[in-house]
Each structure stands twice: as structure tokens, then as C-alpha cells.
Amino acid sequence: MTGTGGSLPRRVHVGYALGSLVTGAFGTVPGLLLLPYLTDTLGVAAGVAALLVLLPKAWDVLVNPVAGRISDRTRSRWGARRPYLLGGGLALAALFASIFAAPFGAGPAAGAYVAVAFLATATAFAFFQVPYVAMPAELTDDPAERTRLMSWRIALLALAILVSGAVAPAVVTGGGDGVPGHRWMGLFVAGLIVSGTVGAFLGTRSAPLGAVGESEPSLRAQLAVAGRNRPFRLLLVCFVVQSAGVATVLAGVKYFADQVLRDPQTGPTLLFACFVGPALLVMPLWTRVGARVGKRASLVAASLLFAAGALALVASPALPAAGVYAVVALIGVGYAGQQVFALAMLPDCIAYDTARTGRRQAGVFTGLWTAGETFGLALGPGIYGLVLQLSGYVSSSTGVAATQPATARLGVLLGFTVLPALLVAVPVLLLRGYDLTAARLAAVTRPAGVPAARVPTDPLTPDEKGATSR
């Protein structure tokens, strides 16, 4: 079955987007709650906790390309990708709940258990995420339709992040805080993952999956393939560093609510609602911006908006709570655009490589992409935990944050503001070399005999305006 150049059925848009319940929940909750769980419930020192959060996900740098290569080679009646959506997703749900089971109580043994459980969970996630991200390049050959598909995905992703990120802390509180509260939270998130897994698997059962071709035999060969694709290489490095910046915000939410806002009960939920909520409203606006100025320029603008808002939060101790939440909402607007345009540019890079080389290797590129993204999302909490350690953060095994010295409170603030601003803003300099415009992509992918005059000049076509409302 081959990909289509026309519009995909709405049920495929929705079905594919439901997979964002899986990626959103796993991409959000560990980054939000795992570091505080280790430092304030299990009594693990901040520096050690940073390593326990970083290393299991760093493992995915090796596992994700392997998952991509395996799915590239899979042949089944469900296609190359969908078997992994189901198997990887269900395994992920069970393993996620196990992270917060705490069979050893608090202390070093508990920390070691979390590291092992998190490693297994990250491995299962790789076998869901890599095939999932590979699918758009095979569902359709139309760049406009791919962006439309991404708009649905990002809208559902924003909803998944909002639900999981805002509700998970409330479940911890409602479950009694400490170990019992985190156990209930693990089961809640596992339920979200199961829902997204089944929805994506069933929703894409009639999708016109494209042909999956050759796969490189080793990680070194995959890196060589990616290295020859300059647009992909630049976009990947930019997105990985920016993912680390976004992850520092996630890692710092609970600490920021505790130590700066002095609102440990409702602060994390409100911060998350303000950060992710705008994405549900501004996606059509970002689509129009992209249609006018192009994907690359829109990604730069969104990134700078994110960074400006993060820097403004340095003044949080002097601002009223309402002012802080308003600035966080501004950051959320930038985050929405940064995500949608980076993910819309990825399938273009894959299509460009296919046209340039004649080989379909979506799994190679998405394997490297998700490996990089996963590493960035792990690096953020790792860096934030290191900042806490250096600033003298005091851990606790009571389920409630200990009283912190002034230096630790300053570390909480700077790690939540200046650090993510730099990590999101600086990498956009790389995009000066990204030259995969719509005209260039169409020129290398159009069939023989199609006049060049029919090649669109805008990276987003006029039909994509308002794509998220269709």
C-alpha cells in the first residue's frame, strides 16, 4: 500500500493524533514529577537524582535508532509501524506505573529501583514513539497534508500535556502525597497511555501506509545518512537543544511553585494550565503565520517569544501571582509554535532525502530524531538537578519539600528562567543554514513532466490556513 498525495480521512487525522496521549503523558510527567519525587519523597540527593533521571533516557539515544531500524524491516498484516504502536504502548503503560510503585520505601535502594524501572519504561517508549513519528512521511506525499496532520497531532499533544501535567500533581495531592499519592498518579497516567495506544492503533487501521524501503544496518551508518542531509542535521541539533530548554521548565515547575510562588498545592496545576492552555487556542494563528512567512521564520519567532517570556520571569519574586501566570502563558504561546513548526519540518526533511537518494528510510530519521528529543528531554531535568545540587538544595524523605536556603531558592528561579531561555534561543542561529524551502522541496519531489511554475513558493499552502479547525 502506498502513501497518498490527497487529503486523508478525518478519522485518520484523529486516530493518529490520539497517539499524542502516549507521547504527551510520558514526555511530560517524568520531567515534571520524577525529580521532585526522588528529592522530596525518596530522600535522594539532588545531584544523584539528576543522574537517575538523565541516564535511563540517555539510553534511548542508542535504543531509538534500533527501534527505527527494526520497524523499517517489519512486514505484517498491520503494516510496518502499527504492531509497535500496540505492543510498545501497552508495555509502556504497565512499566510507567511500576516506576512509582516504591517497593523499597525511601533511600538508596528506592532510588536504584526507580532508575531500573525508568530504563525499562524508556525502552518501551522507544518502540512506540519511533514508529509513531515515522508514520506521517508514509501516510501522505503531500507536504500540506503532512502539516495538517501535524496540526491535529500537536493540538492533541497540547491537550495531553495539559491533562497529564496539570492533573498528575493533583492526583498526587488527592492520593495523600508521598509514596501513596505517587502510586495513584502512576496508575492514572498508565490509563492515559492505554487510551492513546488503543486509539492510535484502531484509528489508523485504514490509513494508506506508504512503502517502507531499505534500512541502514548500524547506528554509524544511520548517522552517516543523517549527516548527508544538511537540513535534517541542522533541524535536529536545534530541536534537541530546545527540548532540553523546555524540559528544564517542566522539571522546575514544582520547585518554582514551592519556593518562588509559595503555593505547593495549586501552583503546579495553574502553571501547567497557563503553559499548555494557550497552545489549544493559538494553533490556528501559528498556522496562518507559517503560511505568510514560512516554517523556518515561524520557528525562529516562536523560539524567541518563548525565550523572552522565560527571561521576564526572572522578576517573578516581585510580581503578583497573576502577573507570573500571564508571563507563563506567553511562554506557552511560543512553545506551541516551536513544537508545531519543528515537527512540520521533519517530514519535509525525510521527503527531501527520499527524493534525493531514492530510498525510503523514515525509520532511520525518526529514530535519530526521537533519540535526540528523548535525550534533550532527559538532559533538561539533569541540568536542573545539577543546578539544585550546586545551589545547596536540601532533599527530604517526608513527601514535603524541606526548608531551603536562599541560594537554593535562587537556583530554583534561575534554572526555571535564564537557563531555558538560553537553551531555546541560542540554537535558532543554526537555522540560518536551513534552506529546505517549499520551492526546493517541490522541485526535487515533483513528478517528471510537471512544470516548475506549479511549484508553490510558500512552505505552507493557503489550504493549510485554519488547518486545525478542519
Side-chain angles (χ1 to χ4, degrees), residues 57-58 60-69 71-72 126 129-130 133-134 136-138 143 146-147 150 213-247 290 294-300 302-304 338-380 422-445 459:
K57 275 201 168 184
D60 276 0
V61 174
L62 300 176
V63 173
N64 281 24
V66 173
R69 189 163 68 247
S71 68
D72 275 348
Q129 187 191 30
V130 174
V133 176
E138 297 162 359
R146 283 198 296 266
T147 299
M150 286 301 101
E214 302 92 338
S215 178
E216 298 297 334
S218 68
L219 176 59
R220 177 179 297 181
Q222 292 179 55
L223 291 173
V225 169
R228 290 191 291 269
N229 188 326
R230 187 167 184 265
F232 174 79
R233 186 175 71 245
L234 295 174
L235 182 64
L236 175 64
V237 175
C238 176
F239 190 68
V240 169
V241 179
Q242 289 190 334
S243 294
V246 172
K295 296 178 187 178
R296 182 184 68 171
S298 299
L299 176 56
V300 171
S303 301
L304 294 180
Q338 182 259 338
Q339 290 289 304
V340 73
F341 289 111
L343 290 174
M345 292 159 72
L346 171 61
D348 291 346
C349 294
I350 296 173
Y352 166 73
D353 189 81
T354 299
R356 185 175 61 88
T357 66
R359 306 179 72 188
R360 289 181 176 269
Q361 298 187 98
V364 170
F365 288 97
T366 56
L368 293 173
W369 178 272
T370 54
E373 180 186 16
T374 301
F375 180 71
L377 292 175
L379 188 61
L422 292 174
L423 290 173
V424 170
V426 173
V428 301
L429 296 174
L430 294 170
L431 296 179
R432 292 181 300 175
Y434 183 93
D435 57 358
L436 187 57
T437 63
R440 183 183 177 198
L441 179 62
V444 299
T445 58

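Note: hydrogens, waters and symmetry copies are ignored here, and every other heavy atom, side chains too, is used.
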Which heavy atom in [X] sits nearest to a heavy atom in [Y], and how many Å separate them?
{"X": "A247", "Y": "G376", "answer": "CB-O, 4.0 Å"}
{"X": "V63", "Y": "A126", "answer": "CG1-CB, 3.7 Å"}
{"X": "S303", "Y": "V428", "answer": "CB-CG1, 3.5 Å"}
{"X": "L304", "Y": "A425", "answer": "CD2-CB, 4.3 Å"}

- [ ] Report the C-alpha distance between E373 and L236 in whole Å, list the side-chain angles of each, state the deciding distance to 0.1 Å, and finish with yes or no for side-chain contact (heavy atoms from CB on, under 4.5 Å).
- [x] CA-CA 8 Å; E373 180 186 16; L236 175 64; over 6 Å; no
Task: L234 and R432: CA distance, side-chain angles, deciding distance, side-chain contact (heavy atoms from CB on, under 4.5 Å) verdict - done: CA-CA 9 Å; L234 295 174; R432 292 181 300 175; over 6 Å; no
Distance check, rounded to the nearest 0.5 Å: [X] atom [atom1] versus [Y] atom [atom2]?
{"X": "L377", "Y": "S243", "atom1": "CG", "atom2": "OG", "value": "5.0 Å"}
{"X": "K295", "Y": "Y434", "atom1": "NZ", "atom2": "OH", "value": "7.0 Å"}
{"X": "L379", "Y": "L423", "atom1": "CG", "atom2": "CG", "value": "8.0 Å"}

Task: Main-chain N/O of C349 paired to N229 side chain as donor or acceptor, under 3.5 Å - done: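 Yes: the side chain of N229 pairs with the backbone of C349.
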TODO: Evaluate the ring planes of F232 and W369, with Trp represented by its six-membered ring, and classify them as parallel (under 30°), tilted (30 to 60°) or perpendicular (over 60°).
DONE: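 Geometry flag for W369 against F232: tilted rings.
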Open item on the list: Measuring only between side-chain heavy atoms, which start at C-beta, is F239 closer than 4.5 Å to Q338?
Closed with: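 Answer yes - side chains close enough.
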Open item on the list: Are the side chains of L299 and L431 in contact, using a 4.5 Å heavy-atom criterion?
Closed with: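 Yes. Closest side-chain heavy atoms under 4.5 Å.
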- [ ] Could you go through the side-chain contact (heavy atoms from CB on, under 4.5 Å) check for R296 and F341 one step at a time?
- [x] CA-CA 7 Å; R296 182 184 68 171; F341 289 111; over 6 Å; no
